[in-house]
Amino acid sequence: MKVQSIRGTHDILPGSVELWQEIERTARDLFGLYGYAEIRTPVLEETELFARSIGIETDIVRKEMYTIEDSKGKSITLRPEGTAPVVRSYIENGVSSEVPVAKLYYIGPMFRHERPQKGRYRQFHQIGAEVLGSDNPAIEAEVIEMLFRLLQALGLQDFTLLINSVGCPVCRPAYVDRLREELRTRAGELCEECRRRTETNPLRVLDCKVPTCQPAIDQLPAIADWLCPECREHFSLFQKYLKSQEIPATTAPRLVRGLDYYVRTTFEIVSGRLGPTQNALVGGGRYDGLSELIGGPPAKGFGFAMGMERLVLLLSGRADLGAPYKPPAPEIFLVHLDQPAFEHNLGLASELRKAGIFAYVDFEGKSIKSQMRQANRLNARFTCVVGESELQTGQMTLKRMADGSQTTLKRIEIAEYLRKEK
Ligand SMILES: [Zn+2]
Ligand SMILES: [Zn+2]
């Protein structure tokens with residue numbers, strides 16, 4: 001039986017990986033301008049971290065986590081998202097005592113055991129950033145400005161920012177009660193999942209994508225009408241700062257996100273080109289209570305996660321991409337006629353690489369003709385055929401593949417010559 005990749009995972013091959021690298025490079029450069037430093041947390045964490053932060057009533061924790069027991073009976077989980085690990089690390093390493101406001105970003109794989117479908121993976125990748133230590137709505141607008149700059153720098157145009165406020169522990173409970181009452185009276189119009197969530201997590205009903213639930217959901221009270229004065233003020237300042245950065249935003253009353261730790265500002269960036277049910281490219285918000293949920297001191301937090309697979313999907317239609325993959329072209333392809341020449345070429349190639357030149361040696365011991373064919377296929381700029389006479393005289397002839405012109409040089413002159421020819 002042939003061993004194959006696990007369902008819901010995918011390989012990123014040469015030809016595609018260059019786009020991933022470009023996205024990562026662009027993000028790193030841009031995030032640096034805003035003062036973000038990279039953080040790399042382990043892929044494995046205690047299950048408790050996610051159970052407490054994301055909430056045991058969420059789909060993620062209930063049925064999507066890859067959880068195993070280690071040999072000592074401790075429950076550990078492949079991280080399904082990046083925020084809780086970053087906050088855990090921030091607390092554990094005492095970052096808050098070093099800097100008043102910590103700006104951190106991460107890039108890496110996440111794991112969720114979802115039913116595989118188009119655009120959804122069990123190992124997927126996210127770029128995310130977190131600001132810890134500030135509850136200023138201006139910093140939220142700054143994060144979103146940074147995201148807009150990133151998406152624009154990558155050549156993405158048609159995307160929309162959706163914003164909402166999910167209130168705070170002061171004002172949300174009354175709204176949730178009101179919502180639950182309303183949902184109970186509409187139970188007959190709701191799917192089974194919504195009826196269950198009516199009791200466990202009514203806010204999540206607003207996320208339901210089942211078409212038959214939509215008319216009832218559209219009639220539900222909006223949280224905006226239930227915000228306390230502080231939440232109202234926070235949200236209107238956030239909108240003001242967005243406006244002063246000329247960032248267009250659409251208020252989305254149903255945008256409550258699936259995770260329990262969000263308070264006040266939530267947002268998504270969506271693209272119509274991703275289709276109606278999985279159109280979110282970026283999701284994020286404020287999570288001031290998260291640190292305390294996992295046993296840390298109070299810490300204000302705001303951040304986002306962006307799905308790289310979806311971004312790649314959108315960008316792979318970009319006009320300058322889509323050329324078939326070509327392996328990198330050697331500066332010089334060293335052809336050998338016999339074993340002593342092969343051994344000589346290994347040494348010469350090594351010297352040339354030390355000088356920063358991409359030198360290629362054929363290892364298959366094939367004929368001169370097949371080596372020349374290979375040099376052509378790789379699009380080598382120069383070839384150099386080495387045999388007995390070259391080894392005796394120490395003179396090598398470089399052939400420029402583009403026009404066939406030849407230059408004879410001493411071995412030690414080759415690096416210098418190629419550098420000038422670059
Ligand atoms: Zn409030
Ligand atoms: Zn439903």
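Whatever order the structure lists them in is the order used to number ligands and atoms, beginning at 1. In this text, all values refer to a predicted model and were calculated from it rather than measured experimentally.
A tilted orientation is assigned to the rings of Trp20 and His10, their planes being inclined by 30° to 60°.
Ionic pairing of Glu64 and Arg79 is not present here: no N-O contact between side-chain nitrogen and carboxylate oxygen is shorter than 4.0 angstrom.
For Phe159 and Phe148, the distance between ring centers is under 6.0 angstrom. For an aromatic pair to be called close, the ring centres must be under 6.0 Å apart, and Tyr105 with Tyr36 fails this.
Between Met146 and Ala129 the shortest heavy-atom distance is CE-CB, 4.2 Å.
Protein N/O/S atoms found under 2.8 Å from the Zn ion (ligand 1), listed by chain and residue number: Cys168 SG, Cys171 SG, Cys228 SG, Cys231 SG.
By the neighbour-count criterion of 12 heavy atoms within 6.0 Å, atom CG of Leu33 is densely surrounded, having more than that number from other residues, nucleotides or ligands.
Rounding to the nearest 10°, we obtain 100° for the angle at the Zn ion (ligand 2) between Cys213 SG and Cys191 SG.
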